[in-house]
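Written below as structure tokens is the structure these notes are about.
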Amino acid sequence: MTKLSVNINKIATLRNARGGDRPNVVQTAKDCERFGAQGITVHPRPDERHIRYQDVYDLKQVVTTEFNIEGNPTPDFLKMVKEVRPEQATLVPDAPDAITSNAGWDTLKYKDFLTDVIGELKEIGIRTSIFVDPEVAMVEGAAAVGTDRIELYTEDYARHYHANREQAIAPYLAAARKAQEFNLGLNAGHDLDLDNLKYLHDTLPNLMEVSIGHALICDALYYGLENTIQLYLRQLK
């Protein structure tokens, strides 16, 4: 079964645009779980332009499904993750000024760094996942650093899905099969939506979790949050 983790960053973006506490990030997380989400994802950035560090601490008190914290493993980020102790930490190599995540780790170049960080997190019982491009060499490198899972960066798949979905998914299928060889758990995320999610789910072996935020929140403006989460869950059956 592939779990749906709802990324609530965009809820925080809307809140921050006006100030105050509407919409309420904590209540939204609770509602997402009530509506069927099997996890909550947040991606705090150093400038706190959407999810704030305090949000992460507040959410830890209420999330009852899987709490997944994504981010660049800077000292401040790692300190927070070690204090909050989510079920999963997803390491993403995004620059501070990046609008959104735009590349996976070079697991060969950063082998020593990733090995050290992952070792620290696993030592206190936090499952680790690292964001990677759909390249077999990067998956092999991920296995070498000791991560529990990888998250395939699916922007390229989404961008080419409507032109030729078989061609778009080919490198992801190769990466997923390589992950199987190394007994790596497989997650996926970025630009997944109601159009392209089912094919990804039906094609990739042992897909354990998808993290979806932007498209899901956009759809919720039209369909409502509860109905939208149910629509996404249907794509994963």
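On a predicted model such as this, the values are computed, not experimentally measured, just so you know.
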Could you go step by step and tell me if I51 and H43 meet the side chain to side chain contact (heavy atoms under 4.5 Å, CB included) rule? CA-CA 7 Å; I51 288 291; H43 189 146; over 6 Å; no

Please lay out, stage by stage, how V81 and L121 fare under the test side chain to side chain contact (heavy atoms under 4.5 Å, CB included). CA-CA 8 Å; V81 168; L121 296 176; 3.9 Å; yes

Stepwise side chain to side chain contact (heavy atoms under 4.5 Å, CB included) test for D76 and Y53: CA-CA 10 Å; D76 286 345; Y53 274 37; 4.1 Å; yes

D58/V25 under side chain to side chain contact (heavy atoms under 4.5 Å, CB included): CA gap, chis, key distance, verdict: CA-CA 9 Å; D58 294 342; V25 168; over 6 Å; no

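Residues L231 and R234 form a side-chain contact, since some pair of their non-hydrogen atoms from C-beta on lies under 4.5 Å apart. No side-chain heavy atom of F131 sits under 4.5 Å from any side-chain heavy atom of L152. Annotation: side chain of L114 is in contact with side chain of T107 (closest heavy-atom distance under 4.5 Å). A 4.5 Å side-chain heavy-atom check between M80 and Y57 finds at least one atom pair inside the cut-off. Side-chain contact between N16 and R52 is present, with at least one heavy-atom pair separated by less than 4.5 Å. Between N7 and H50, every side-chain heavy-atom pair lies at or beyond the 4.5 Å cut-off. With contacts defined as side-chain heavy-atom distances shorter than 4.5 Å, the pair I150/I130 qualifies. Using a 4.5 Å heavy-atom threshold, the side chains of D21 and R15 count as touching.
Note: Q235 CD to L233 CG = 9.5 Å, rounded to the nearest 0.5 Å. Interatomic distance, CG of D133 versus CE of M138, reported as 8.0 Å (0.5 Å rounding). Distance CG/L221 to CG/L14: 8.5 Å, rounded to 0.5 Å. A distance of 4.5 Å separates OG of S129 from CG of N187, quoted to the nearest 0.5 Å. Put simply, CD on Q230 and CG on L225 are 10.5 Å apart, with the number rounded to the nearest 0.5 Å. Rounding to the nearest 0.5 Å places CG of L192 at 14.0 Å from OH of Y199.
Of all heavy-atom pairs between T128 and D148, the closest is N-OD2, 2.9 Å. Nearest heavy-atom pair across T147 and A142 is CG2-O, 3.4 Å. In terms of heavy-atom proximity, A158 sits nearest to N196 at CB-ND2, 3.6 Å. Between H190 and T154, the closest heavy-atom pair is O-OG1, 2.6 Å. Nearest heavy-atom pair across C32 and I40 is CB-CD1, 3.8 Å. Pairing each heavy atom of I229 with each of F35, the nearest pair is CG2-O, 3.6 Å.
Side chain of K122 to backbone of G146: a donor-acceptor contact under 3.5 angstrom is found.
In the hydrophobic clustering of this structure, F113 groups with L91; members are Ile, Leu, Val, Met, Phe, Trp, Tyr whose side-chain heavy atoms approach within less than 4.5 Å, directly or through other members. Hydrophobic clustering, with ILVMFWY side chains joined whenever heavy atoms are under 4.5 angstrom apart, keeps L186 apart from V136. In the hydrophobic cluster analysis, where Ile, Leu, Val, Met, Phe, Trp and Tyr join through side-chain heavy atoms closer than 4.5 angstrom, M1 is grouped apart from V6.
Checked for salt-bridge contact, D47 and R49 meet the test: a charged N lies under 4.0 Å from a carboxylate O. A salt bridge links K82 with E120: the distance from a Lys NZ or Arg NE/NH1/NH2 to an Asp or Glu carboxylate oxygen falls below 4.0 Å. Residues D31 and R34 are paired through a salt bridge, judged by an N-O separation under 4.0 Å between the basic side chain and the carboxylate.
Residues T228 and D219 bring no donor and acceptor atom of their side chains to less than 3.5 Å of each other.
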Got a list of side-chain donor-acceptor pairs under 3.5 Å for residues 165-178, not counting sequence neighbours?
| unit_1 | atom_1 | unit_2 | atom_2 | d |
| --- | --- | --- | --- | --- |
| Y172 | OH | Y153 | O | 2.8 |
| Y172 | OH | Y157 | N | 3.3 |
| K178 | NZ | E181 | OE1 | 3.1 |

Please list, one pair per line, the donor and acceptor atoms closer than 3.5 Å that link side chains of residues 205-218 to other protein atoms, with sequence neighbours excluded.
| unit_1 | atom_1 | unit_2 | atom_2 | d |
| --- | --- | --- | --- | --- |
| E209 | OE2 | Q88 | NE2 | 3.1 |
| S211 | OG | T41 | OG1 | 3.4 |

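Remark: E83 CD is packed, more than 12 non-hydrogen atoms of other residues, nucleotides or ligands lying under 6.0 Å away. Atom OH of Y110 is surrounded by 12 or fewer heavy atoms from other residues, nucleotides or ligands within 6.0 Å.
Taking the salt bridge (charged side-chain N to carboxylate O under 4.0 Å, His left out) definition, one finds that R159 meets it with E155, D156, sequence neighbours left out.
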